[in-house]
Amino acid sequence: MRAFVSFSVLALIVVGLALSLSHVPFGKDRMQVANYYLDHGVADTGATNLVTAVVLNYRALDTLGEVTVLFIASLGLGVFLSWPKKKEGTQEEGKRELPEASLIVRRGSQFLFPLIILFGGYIFLHGHLTPGGGFQGGSVIASAFLLMFLGNNAYRLRHTPLTVTESLAGITFVVVGLIGLGVGGYFLNNFLPKGSMFSLFSAGVIPILYSAIGLKVGAELSGIVANMFESRSER
Amino acid sequence: MTTGNPMMYVGAVGLIMIGLFTVLSKRNLIKIIVGLTLLDTGVNLLLVAIGYIHNRTAPILTQAHADPSKMVDPVPQALVLTAIVIGLGVTALALALAIRVYGHYKTLDTRKIRGLKW
Amino acid sequence: MIYIAILTVAMLIAGLAAYFFRDLIAAVVACAAVSLIASVLFYLLQAPDVAMAEAAIGAGLTTAIFVIAIRKTGRYEK
Amino acid sequence: MTALWLLFLSLGAAGVALCLARAAAGPTTPDRVVGVDGTVTISIALMVLLSSFFDRQIYMDVALVYAVLGFIGVLAVARYMERGV
């Protein structure tokens, strides 16, 4: 019964996708909205990476919503993993003694940590010029913290600086949007001068917004990793 | 360049099917979440494949490539970019739920968890 | 492009492996392989932004989070 | 010139196929992990080659991200194997 239901659901979806995709030939030009973005993107926003122009200028309100979704996921994970409060003393006694990582992994992780953080900063600062941006840079920063957790057993992340960073980054995004509303008449208006193409200080508010998103995503994903590592109570 | 045409769609739809079949037929909660990750990747691949146009390059202007009429559609890429990061958040949330379920029932088998079997 | 066909078939085989492996660690490793080949395919579809996001997420974070969850529950699927 | 590109890409695809065959066939889990790690390394080389093939230098950043972060997943599985996570 269960297999029959599964296969009929799959067959329905295959038939539906095949019927709809047969009208969408692969690799043909069918852009309508995007032609406007491609033609006017650099003049409107100053960002030469047009994906960034779509994410942070034409669709910036959606990006605010997506960052909020990520924040809610991180919040829910923190609530679920800390909900049945264990007694602090018993948890410390019941913890197994974990074997320490080898010397190469420990020292290597401590050596690589600042370099990976720097690389993440490079990715989100250059988001309007090269591939990359806040989401990718934040993931790279969270990977650096993950490397520290994997390499050092005694490593603990203080949660207060993470929360402060995340809140300040979110407030920066909203305040920049509200200043745009006051200056130009609509939310997230690009009110700073566009600058010249291909230079770091160009594209108006887009580097500021992408730095805020990078710090916020990095803090949220680091918080997720820290919560997963620190709840060692089940087994 | 034409022989690769249906292959991208076949790959994306096949990945969606594998992920969905894992979600529907497996009984281990961690395996179900693995299936959700596969499903996520397949949907992202399908969206980007729909936005692709032959013989065009990525929508990033440089000094050597400054012609916007030679670029692919940036809108699906912008959508998928955020969907990938949110997929990680959703996966982590589902894994936290699975860990809590294991702490309560001492099993991950959906047949033995009250209220989860179908 | 014969290479797209090769990579697609390899990706589907890795996905099927993630379905069939009883060892959950092996299934998660197969999932990482699917993410890697999907990243190369995004690259071939002229989407370097998406390829970079898939690389940054799929290379380390997804695998590590699954491994921690398997450590806290059980390794083998019964 | 086209023959040279064909040679390079074929070698890369063959390397990916061989590593994935080891990852699919490997009797134990460490074999599979090593197979996937070899695939990561060859894919980095493929991405660098393709950035030259498409004549876009900015594509190199993707290969850089994989080169910096590709080992973390393997490290996580290795720490699980020695019961350290």
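Letters go in sequence order (proteins before strands), and every chain restarts at 1.
In this structure, A:Phe113 and A:Phe145 have perpendicular ring planes: the angle between them is above 60°, well past the 30° mark.
Residue A:Phe149 does not touch chain D at all, counting heavy-atom pairs closer than 4.5 Å. The part of A:Glu100 that comes within reach of chain D is its backbone (N, CA, C, O), which places non-hydrogen atoms under 4.5 angstrom from that chain. Only the side chain of A:Leu112 comes within contact range of chain D, judged by heavy atoms closer than 4.5 Å. Contacts of D:Leu69 with chain A are made by side-chain atoms alone, with heavy-atom separations under 4.5 Å and no backbone atom involved.
Between the side chain of A:Asn49 and the backbone N or O of A:Thr130, at least one donor-acceptor pair lies under 3.5 Å.
The closest side-chain donor-acceptor pair between A:Asn153 and A:Arg106, if any, does not fall under 3.5 angstrom.
Between A:Asn152 and A:Ser109, the shortest heavy-atom distance links the atoms OD1-OG, 3.3 Å.
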